[in-house]
Amino acid sequence: MKSVKKNIPAVAKNYDHQKIEPKWRKIWDKTSLNKTSDKTDKPKFFILDMFPYPSGQGLHVGHPRGYIATDVYSRYKKMHGFNVLHPMGWDAFGLPAENYAIKNKTNPVAQTVINVKRYKEQMEMIGLNYDWNREINTTDPAYYKWTQWIFVQLLKKGLAYESFAPINWCPSCKTGLANEDLENGKCERCGSVIEKKPMRQWVLKITDYADRLLKDIDDLNWPESIKESQRNWIGRSEGVNFKQEVKDLEIKFEVYDSIPQTFLAQTFTVIAPEHPMVKDLVRGTPQEKTVLDFVEMIVDKKRKNKFDVENDLEGIFTGRYVKNPFGTGDLPIWIASYVLVDYGTGIVNCSAHDERDFNFAKKYNIPFKTVLLPKDDDLAQKVKRNEVFYRQPDGILQSPEEFKGLTWSESRQKIIDYIVNKGLGERKVNYKLRDWVFSRQRYWGEPIPVVHCERCGVVPVPEKELPVVLPKVKFYEPTGTGESPLANIEKWVNTKCPKCKGKAKRETNTMPQWAGSSWYYLRYMDSKNSKALVDSKKEKYWAPVDLYVGGTEHATRHLIYARFWHKFLYDTGVVSTKEPFMRLKNQGMILGSDNRKMSKRWGNVVNPDDVVKNVGADTLRVYEMFMGPFEQEISWSTDNMVGSRRFLERVWKLQEKISDGNGPVENKEFEMILHRTIKKVTEDILGFNFNTVISALMILINAAEKVELSRDNYEIILKLLAPFAPHITEEIWANLGNKKSIHIQTWPDFDAKKIVSENVTVVVQINGKPRANFEVAVGTAQAEVEKIAYALPEVAKWMAGKQIKKVMFIKEKILSVITD
RNA sequence: GGGCGAGUGGUGUAAUUGGUAAACACGCUAGUCUUAGGAACUAGUGGCGCAAGCCGUGGAGGUUCAAGUCCUCUCUCGCCCACCA
């Protein structure tokens, strides 16, 4: 790292951040400045950071960007008289701690304690005003008691169930994973190719909440991109299920179609290779073995993830037919590699108006029909000859006869009604969202609080007996057999059935990392309650989270899971709001100075410890807020940080200008800047435009240096800066003789009278080009402005010998003259 | 393939929402002070041009007295999702 030290100016002798910053943090700690009141007499504001996973690396300068923003915002809210809840905790279960423990033969519990301590020190060093009395840790039994409690409630309501369906299995992490944990078919954590593996697992019925999760997105004050990601992830689609039967067999089934407009073009049916119906279809046929071999080949390819979606388009005819579904003939049933077994019914009717079906039919010479034609005649001929694939919203429907001439898009609802009325099928809604695979075959997670009894089957652990404490083990290695390492602890596994007192075994799977974070925000409201997840009075006061800040990477996992659990807790009466997080802001990532993600691997990591030591926490904070728009990704630049340091030094030096003279010095122009800045800062903090706040404050300081600064006005400046630079402003505030902390002062109001100026600049444009500008009194009329303008030589020059054709006048802004 | 977003000086970026493009900051140039400067302060700093002036917000059109901002087309980049019938 380039040395920061070189840029520290000589004035540092006076502004000694190394002395000031720790001093004030100690005093704030002693006076409980950051403690959140339990009284409910003031309006509340709940502002939350996505709590971190405390890794062994500690924080780099990119991490605190969001923390600083919420810190600024919460200080600002406090100065506006709000009772602010601004807490922090640790999402400490998860694979890295466990893998580290395996590698170094340490204990994840001990390692977590070390990591948390380090994170906390770093956060305190930056001057973040968290109320540490409410600190939580997902790995604390007193905390995960309630995570387990929620699971038991889900189980009781039938929203948690055991499944034996094939799931995503990471061969390297040796655990099952949820759909949300994959990236392009690979393990999000280690990058291994995921296999499909049938095994017993716990699954949460998030799909029961799909509709509400979708609908309520509309009311959230969240970034549009996140809302759109969630909508896509839920993937609601409306269509019909056609009822069909297999010719010569006693098999009935349904096929889902979300675009049934072209249903009369359907000429064949495809079924997923792994579909259970396949065996019944081909049983006893001459091609039974060939088909089953083919199926095995495809299934194996898919299981090993060697199936190439783009290029592997394979299928085989089953020898069976769908019996005349639409009165236009039987449809041959094929097995096709591209059909998904777990979407819709796993069986699909195909036509020339679906691109994949089109390509499949071409490859296997299955006959086509076309019922949708373009307006363009040449193209229509090509479509008729099946030379090109065609499906466009403005394509014209040819059949059924009743709908001939309608476009593809306008016929949709009508066709659906037609299909339903004719009894061919029923309306059906499908979702892309899958139920949440909730068990992990690993050690470092919350034990699933369930007992398997020989007689009673699955029995939840009684609420009185929660938490089921994660036992200490000698070896954390995953077994790889689909059992967690807990399975080897016989003393722990063997237990009694809570119902019949007979022999029983504990569930050895643990919960995924997302469990503890799906409800943690609630616990901050009442972090030490041993009787309830959260006291309902406290919940009613604090909920919902007013402002939530974190990275975009949680768009479709944490933020969906938490909304799901919250809605469930709403249904069970634990919480009083439908949604957990009203407003969401995403911080842009801070990259290394080489424009790459900060990582040990690239050697571009900047440690906040060094920055704080060299230039101070306040400089770090101001710089991170100033460097660019909050939501935008941006590269770190230690060189640019100097500007923020200089800015604070100038604020510091203003002390020399203050005399206890005879009150405020009259300077209208400066007061205008001051009050405009109050207005701008007040508004821009609310809008998360921190970069422009700092720049406005810089302008203000530049102006303050040029005037006789009154003590009152200096104090206003300090208050505006206090949320950003809490230490230096507190020090100067005290130097000015104030006894109480600046952070409990009232936010300054701007004086509306002082922000209006008497004069404005009017620009003169001649034929669209700005040629001159001058000051006039506010409200000066057109005639007067024209008179002044035409007298100016730089205007007269452009108008000499020309006729005025048109004059455009916008009061207090512009005089636009058009000549011939 | 689908969705979302972004393209402005040497650099990070700003622009009262259609009204003097480049505020603020970094860097750079010159000067002052200094034993010294990698400190501070002062002045300057979009491009071309001696100048008058012309050009300038990815590109091409358009609307308008006036466009970074609105419309049409287009190019480039980033992120997320992706066999979802």
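Side chains are part of it too, since the values below use all heavy atoms of this structure and drop only hydrogens, waters and symmetry mates.
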Scan nucleotides 18-21 of chain B against the protein and return all N/O pairs shorter than 3.5 Å with their distances rounded to 0.1 Å.
unit_1 : atom_1 : unit_2    : atom_2 : d
U20(B) : N3     : Asn773(A) : ND2    : 3.4

Taking N or O atoms only and anything under 3.5 Å, show me the protein contacts with nucleotides 24-26 of chain B, one pair per line.
unit_1 : atom_1 : unit_2    : atom_2 : d
A25(B) : OP1    : Asn702(A) : ND2    : 3.2
C26(B) : OP1    : Arg646(A) : NH1    : 2.5
C26(B) : O2'    : Asn640(A) : OD1    : 2.5

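At the phosphate of U13(B), OP1 or OP2 sits under 4.0 Å from a side-chain N or O atom of Gln632(A). Between C84(B) and Ser237(A), no contact under 4.0 Å exists linking OP1 or OP2 to a side-chain N or O. Under 4.0 angstrom from either OP1 or OP2 of C84(B) there lies no side-chain N or O belonging to Arg236(A). For Tyr338(A) and A85(B), the shortest distance from a side-chain N or O to OP1 or OP2 is not below 4.0 Å. For Asn691(A), no side-chain nitrogen or oxygen approaches OP1 or OP2 of G12(B) to under 4.0 Å.
Remark: Glu669(A) engages no residue in a salt bridge (charged side-chain N to carboxylate O under 4.0 Å, His left out) (not counting sequence neighbours). With sequence neighbours excluded, the residues that form a salt bridge (charged side-chain N to carboxylate O under 4.0 Å, His left out) with Glu426(A) are Lys243(A). Phe724(A) pairs by the ring-ring contact (aromatic ring centres under 6.0 Å, His included) definition with nothing, not counting sequence neighbours. Considering only residues two or more places apart in sequence or on other chains, Trp408(A) meets the ring-ring contact (aromatic ring centres under 6.0 Å, His included) condition with none of them. Shown here are the salt bridge (charged side-chain N to carboxylate O under 4.0 Å, His left out) partners of Asp181(A), two or more places apart in sequence or in another chain: Arg440(A), Arg557(A). The side chain to side chain contact (heavy atoms under 4.5 Å, CB included) check on Asp435(A) picks up Tyr161(A), Val203(A), Lys205(A), Ile206(A), Thr207(A), with sequence neighbours excluded.
By the 4.5 Å heavy-atom criterion applied to side chains, Thr370(A) and Asn386(A) are counted as neighbours. Residues Arg621(A) and Asp618(A) form a side-chain contact, since some pair of their non-hydrogen atoms from C-beta on lies under 4.5 Å apart.
Taking atom P in both U64(B) and C4(B), one finds a spacing of 30 Å when rounded to whole Å. Between the C1' atoms of C73(B) and G46(B), the separation comes to 29 Å (whole Å). For the P atoms, the distance from A15(B) to U69(B) is 15 Å, rounded to whole Å.
Residue pairs meeting the salt bridge (charged side-chain N to carboxylate O under 4.0 Å, His left out) criterion with at least one member in residues 808-818 of chain A, sequence neighbours excluded, do not occur. Pairs passing the salt bridge (charged side-chain N to carboxylate O under 4.0 Å, His left out) check and including a residue from residues 257-275 of chain A, sequence neighbours excluded, read Glu274(A)-Lys302(A). Residue pairs that meet the side chain to side chain donor-acceptor pair (under 3.5 Å) test with at least one member in residues 798-808 of chain A, sequence neighbours left out, do not exist here.
In RNA chain B, runs of at least 3 consecutive Watson-Crick or G-U pairs, each pair with both distances below 3.5 Å, span B:1-7 with B:75-81, B:10-12 with B:24-26, B:27-32 with B:40-45, B:46-48 with B:53-55, B:58-62 with B:70-74.
Nucleic acid contact for Lys680(A): none, since no nucleic acid atom lies under 4.0 Å from a heavy atom of the residue. At a threshold of 4.0 angstrom between heavy atoms, the contacts of Val339(A) include nucleobase atoms, whether or not backbone atoms are also involved. Lys432(A) comes within 4.0 angstrom of a nucleotide base, judged by non-hydrogen atoms across all strands. Among the heavy atoms of the strands, none lies under 4.0 Å from Asn349(A). Using a 4.0 Å heavy-atom distance criterion, Ile226(A) is classed as making no nucleic acid contact.
For the pair Met627(A) and Lys797(A), nearest-nucleotide mapping onto RNA chain B gives the more 5' position to Met627(A). Projected onto RNA chain B by closest heavy-atom contact, Glu705(A) and Arg771(A) fall at different nucleotides, the more 5' of which corresponds to Glu705(A).
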